[in-house]
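Taking it in order: structure first as structure tokens, then the write-up.
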Amino acid sequence: MANNDELFKQIISHAKEYGFIFPSSEIYDGMSAVYDYAQLGVELKNNIKQYWWKAMVQYNENIVGIDSAIFMHPTIWKASGHVDAFNDPLIDNKDSKKRYRADVLIEDYLQKLEDKNEKEVEKAKKKFENFDEKLFKETNPNILRNQEKINSVSSRFAELMNQSDLVGIKSLIEELEIVCPVSGSKNWTDVRQFNLMFSTQMGSVSEGADTIYLRPETAQGIFVNFINVYKTGRMKIPFGIAQIGKAFRNEIVARQFIFRMREFEQMEMQFFVRPGEEIKWFEYWKNERINWHKSLGIDLANYRFHDHDKLAHYANAATDIEFNFPFGFKELEGIHSRTDYDLSQHEKFSGKKLRYFDPETNESYIPYVIETSIGVDRMFLAVLGNSFTEETLADGSQRVVLKIPPVLAPYKVAVLPLVKKDGLPEKAREIMDLLKMKMMCQYDEKDAIGRRYRRQDAIGTPYCITVDNQSLEDNTVTIRERDTMLQKRVPISEILQSIIL
RNA sequence: GCGGAAGUAGCUCAUUUGGUAGAGCGACAGCCUUCCAAGCUGUAGGUAGCGGGUUCGAGACCCGUCUUCCGCUCCA
């Protein structure tokens, strides 16, 4: 673990040193868990997005893309459940310094009372023959007392939660004499609301301005456009809508570099299917998505599926593709069978029909949805972390090389005159001008050739094209491959065919 | 939010108990070099996170603050 911590630090520091990722607002002391993508980082990030977009939208005839606004109608977040489901009341115990969800503390308390009653029943069962459980429950004074308490606390609790009465929730906790499981004390802080969503005001005048939210997921932008896309795109089920975009979540702790940020980017695809066929398509997309990762050539041992036991309120199947980050296996991508929850909710809240007419079955229905959702930043970290390699070469020298999949590499080639004289720079410039129309290229004539190779290794450039004296005679160059460091000589006219991206 | 550790040049770090900041790497300019870092010369770059205090004197000691890392709480 210590080694991995060390590795992670090296990756972060390499990312800064070579211009992949900078801490945000660094000259003003930075912002916690906010990062800027720098000159190389933005290339890698864009390439990841493009690789995904091509695999989803370009390759699949029945998937189209959209780019919906970050601002959306506030009711969307009521419909999606985000307003209610993600306002957790939190409370701290001052002695143990532990933080709890206030509602969970009360639920646990209720559970204890239930357990108590169960025990009474068990006890009585052993004691009496011809035991009538129903009668016992209706007459035993202990059980009745507990049950009454459960009922009254439950209803008060529900009432308080409904009204978001934080003060009331705290007094209920005090009244019930709930203690911290760790410290055993009743020394509680006030209950505070934790809001998942960032809110802001739309409208230039503060009075009468509407509170709106920065979207916590891009998915809703797809759902609310479902009917528009279906109709204008002449889409037939099954079909998908893809989107790449920023999302914002007020995480309690945003940590681990770009793994968990409050502002992040998602690549999501919602696939609309006939009800009853969702599990088939869930399996289909599980397979498709892992194949996408596979196609990048990253060691499969770094991936694993993690099926959810506890499903979210809207899902009937869910799995994560986890990646072996330097800090362990963590969620990289989620594949969820979201049922018809979202579209049904939007139908209810908007009052608009969000149904698909299926000409094959002659039925109209709300489609079921399979979602694939991957974090761009997490993918970036996966690629960067997996690429980072320190090698000791045969001659005992060391090199740091980013073995980024060539298709994702910020620069595809570097054009290098072997020496900075004899007309080699001019020749190299010609090649540079030729190639830069096609791909990201870097020209470098400074320092010894070996040093320049190492520089390109450090930023993950897969190919170095070197111009030497022979190039002047027969128009050939050498192409050096990053990972193997092997070179081959090819005619300038065949450079493009010789590099695999 | 709490606890622990840390913050000196782009990076990694030094500065022996407080005496006025240094190295390596890197970058840049040039020299040398016909294929894999560490040859030569030169240049730039730090009000030591920030603010305050103690002191004749603070990078070092004290307080505050900000930021980062590790752990805990939460995570569709």
Side-chain angles (χ1 to χ4, degrees), chain A residues 1-2 5-6 8-10 12-19 22-34 38 80-82 85-86 88-101 104 180 182 189 192 194 196 216-217 219-220 247 249-257 259-260 266 308 310-315 318 320 327 330-331 334 336 338 341-342 371 373 391 393-401 416-422 424 446-458 464 466-472 477-480 482 484-487 489:
Chain A
M1 201 61 211
D5 282 353
E6 209 45 53
F8 191 36
K9 279 183 185 160
Q10 279 181 29
I12 293 169
S13 129
H14 191 87
K16 184 187 174 191
E17 185 167 1
Y18 288 92
F22 300 141
S24 162
S25 318
E26 201 184 12
I27 62 171
Y28 286 98
D29 275 341
M31 286 269 288
S32 184
V34 186
S80 71
H82 285 83
F86 296 99
D88 296 335
L90 299 178
I91 190 165
D92 293 358
N93 182 270
K94 290 179 188 166
D95 299 312
S96 66
K97 311 292 185 197
K98 294 287 174 191
R99 170 170 294 175
Y100 302 92
R101 277 177 50 179
V104 170
C180 166
V182 175
T189 63
R192 283 163 298 181
F194 173 74
L196 170 100
E217 64 175 19
Q220 298 305 326
R249 292 178 201 181
N250 236 332
E251 302 284 352
I252 297 175
V253 273
R255 287 257 176 94
Q256 283 157 324
F257 196 38
F259 182 81
R260 180 170 285 120
Q266 294 181 305
H308 290 206
K310 243 178 78 183
L311 295 171
H313 55 285
Y314 53 70
D320 292 339
F327 39 85
K330 298 276 181 184
E331 177 180 358
H336 295 186
R338 295 181 74 128
Y341 177 82
D342 298 278
E371 168 188 271
S373 173
E391 283 183 347
L393 303 179
D395 64 357
S397 67
Q398 296 238 319
R399 71 166 185 159
V400 172
V401 49
L416 317 168
L418 188 58
V419 292
K420 198 170 58 174
K421 60 180 185 191
D422 302 336
L424 298 186
K446 171 79 182 156
D447 296 319
I449 188 70
R451 193 194 290 259
R452 280 178 276 164
Y453 287 148
R454 297 303 166 86
R455 266 205 287 267
Q456 295 302 326
D457 289 342
C464 288
T466 306
V467 176
D468 56 15
N469 275 333
Q470 191 183 331
S471 309
L472 300 179
V477 292
T478 61
I479 299 181
R480 176 231 190 222
R482 177 193 65 202
T484 60
M485 300 193 292
L486 296 176
Q487 289 177 283
R489 184 167 283 277

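Letters A, B, ... mirror the listed sequences (proteins, then strands); counts begin at 1.
- Straight-line distance from the CZ atom of A:Arg399 to the C1' atom of B:C25: 19 Å, rounded to whole Å.
- B:A23 and B:U41 have their P atoms separated by 14 Å, given to the nearest Å.
- Residue whose closest nucleotide on RNA chain B sits further toward the 5' end, between A:Ile12 and A:Gln487: A:Gln487.
- Across B:U12 and B:C74, the matching P atoms stand 33 Å from one another, rounded to whole Å.
- A salt bridge links A:Arg489 and A:Asp468; the closest N-O separation between the charged side-chain nitrogens and carboxylate oxygens is under 4.0 Å.
- Nucleic acid contact class of A:Pro23 (heavy atoms, under 4.0 Å, all strands): none.
- Here B:U16 sits opposite no nucleotide as a Watson-Crick or G-U wobble pair (both hydrogen-bonding atom distances under 3.5 Å).
- Listed nucleotides: B:A27, B:C36, B:C35. Nearest to the side chain of A:Arg480: B:C36.
- Of all nucleotides listed (B:A27, B:C35, B:U33), B:A27 comes nearest to the side chain of A:Arg455.
- Only the C1' atoms considered, B:C25 is 14 Å distant from B:G45, to the nearest whole Å.
- Residue A:Met485 has its side chain nearest to B:C36 when only B:C36, B:C69, B:G30 are considered.
- The residue A:Ser13 sits close only to the backbone: its heavy atoms come under 4.0 Å of sugar-phosphate atoms, none of a base.
- In terms of phosphate contacts, A:Lys421 brings a side-chain nitrogen or oxygen within less than 4.0 Å of OP1 or OP2 of B:U33.
- Note on A:His14: nothing from the nucleic acid sits closer than 4.0 angstrom, heavy atoms only.
- The partner of B:C36, taking Watson-Crick or G-U wobble pairs whose two distances both stay under 3.5 Å, does not exist in any strand shown.
- Here the side chain of A:Arg489 is nearest to one of B:C31, B:C35, B:C36, namely B:C35.
- Considering only side-chain atoms of A:Lys446, the nucleotide from B:A29, B:G10, B:C36 that sits closest is B:A29.
- Donor-acceptor pairing under 3.5 Å, judged by distance alone, is present between the side chain of A:Asp468 and the base of B:C35.
- With C1' as the reference atom, B:U67 and B:A21 are 23 Å apart, rounded to whole Å.
- With both ends at atom P, the span from B:G10 to B:C50 equals 13 Å, rounded to whole Å.
- For the pair A:Lys420 and A:Asp447, the salt-bridge criterion is not met [side-chain N within less than 4.0 Å of a carboxylate O].
- As rounded to whole Å, 12 Å separates atom P of B:A38 from atom CZ of A:Arg452.
- The gap from the P atom of B:U68 to that of B:G52 amounts to 23 Å, rounded to the nearest Å.
- Comparing atom distances between the A:Gln398 side chain and each of B:A37, B:C35, B:G30 picks out B:A37 as nearest.
- Between A:Lys16 atom NZ and B:G10 atom P there is a gap of 7 Å when expressed in whole angstrom units.
- Minimum atom distance to the side chain of A:Arg260 is reached by B:C75, of the listed B:C75, B:C70, B:C35.
- Remark: the A:Thr466 side chain and the A:Tyr453 side chain contain an N/O donor-acceptor pair separated by less than 3.5 Å.
- For B:G1, the paired nucleotide is B:C72, the pair qualifying as Watson-Crick or G-U wobble because both relevant distances are below 3.5 Å.
- Among the protein residues, A:Ile449 comes within range of the sugar-phosphate backbone only, with heavy atoms under 4.0 Å from sugar or phosphate atoms but none that close to a base.
- Following rounding to the nearest Å, A:Phe22 (CZ) and B:C11 (P) show an atom-to-atom distance of 10 Å.
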Q: Start with the C-alpha distance between A:Glu391 and A:Arg454, add both sets of side-chain angles, then the distance that settles salt bridge (Lys or Arg N to Asp or Glu O under 4.0 Å), and finish with yes or no.
A: CA-CA 11 Å; A:Glu391 283 183 347; A:Arg454 297 303 166 86; over 6 Å; no
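- Ionic pairing of A:Asp320 and A:Lys330 is not present here: no N-O contact between side-chain nitrogen and carboxylate oxygen is shorter than 4.0 angstrom.
- When the nucleotides B:C35, B:C11, B:C70 are ranked by their closest atom to the side chain of A:Glu17, B:C11 comes out on top.
- Here the C1' atom of nucleotide B:C35 and the CZ atom of A:Arg454 are 12 Å apart, to the nearest Å.
- Note: CD (A:Glu391) to P (B:C36) measures 16 Å, nearest angstrom.
- The nucleotide B:U65 finds its pairing partner in B:G49, both defining distances of the Watson-Crick or G-U wobble pair being shorter than 3.5 Å.
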Q) A:Gln487 and A:Thr478: side chain to side chain donor-acceptor pair (under 3.5 Å), yes or no, with the steps? A) CA-CA 6 Å; A:Gln487 289 177 283; A:Thr478 61; 3.3 Å; yes
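- Salt-bridge annotation for A:Glu217 and A:Arg338: present, with a side-chain N of the basic residue lying under 4.0 Å from a carboxylate O of the acidic one.
- Under the Watson-Crick or G-U wobble criterion, with both distances below 3.5 Å, B:G57 is left unpaired in every strand shown.
- With both ends at atom P, the span from B:U43 to B:A37 equals 27 Å, rounded to whole Å.
- When distances are taken from the side chain of A:Lys9 to each of B:C69, B:C35, B:C11, the shortest belongs to B:C69.
- To the nearest 0.5 angstrom, A:Leu416 atom CG is 14.5 Å from A:Lys446 atom NZ.
- Only the P atoms considered, B:C62 is 37 Å distant from B:G26, to the nearest whole Å.
- The partner of B:A27 is B:U43, judged by Watson-Crick or G-U wobble contacts that both fall below 3.5 Å.
- Each of A:Ala448 and A:Tyr18 lies near RNA chain B, and the nucleotide nearest A:Tyr18 is the one positioned closer to the 5' end.
- The residue A:Thr478 sits close to a base: some heavy atom pair falls under 4.0 Å.
- Judged purely by atom type and a 3.5 angstrom limit, A:Arg399 has no side-chain atom pairing as donor or acceptor with the backbone of A:Ala458.
- The separation between A:Lys330 atom NZ and B:C74 atom P is 13 Å, rounded to whole Å.
- Listed nucleotides B:C70, B:C35, B:A37 differ in distance to A:Arg451; the shortest reach to its side chain belongs to B:A37.
- Distance A:Leu393 CG to B:C35 C1': 14 Å, rounded to the nearest Å.
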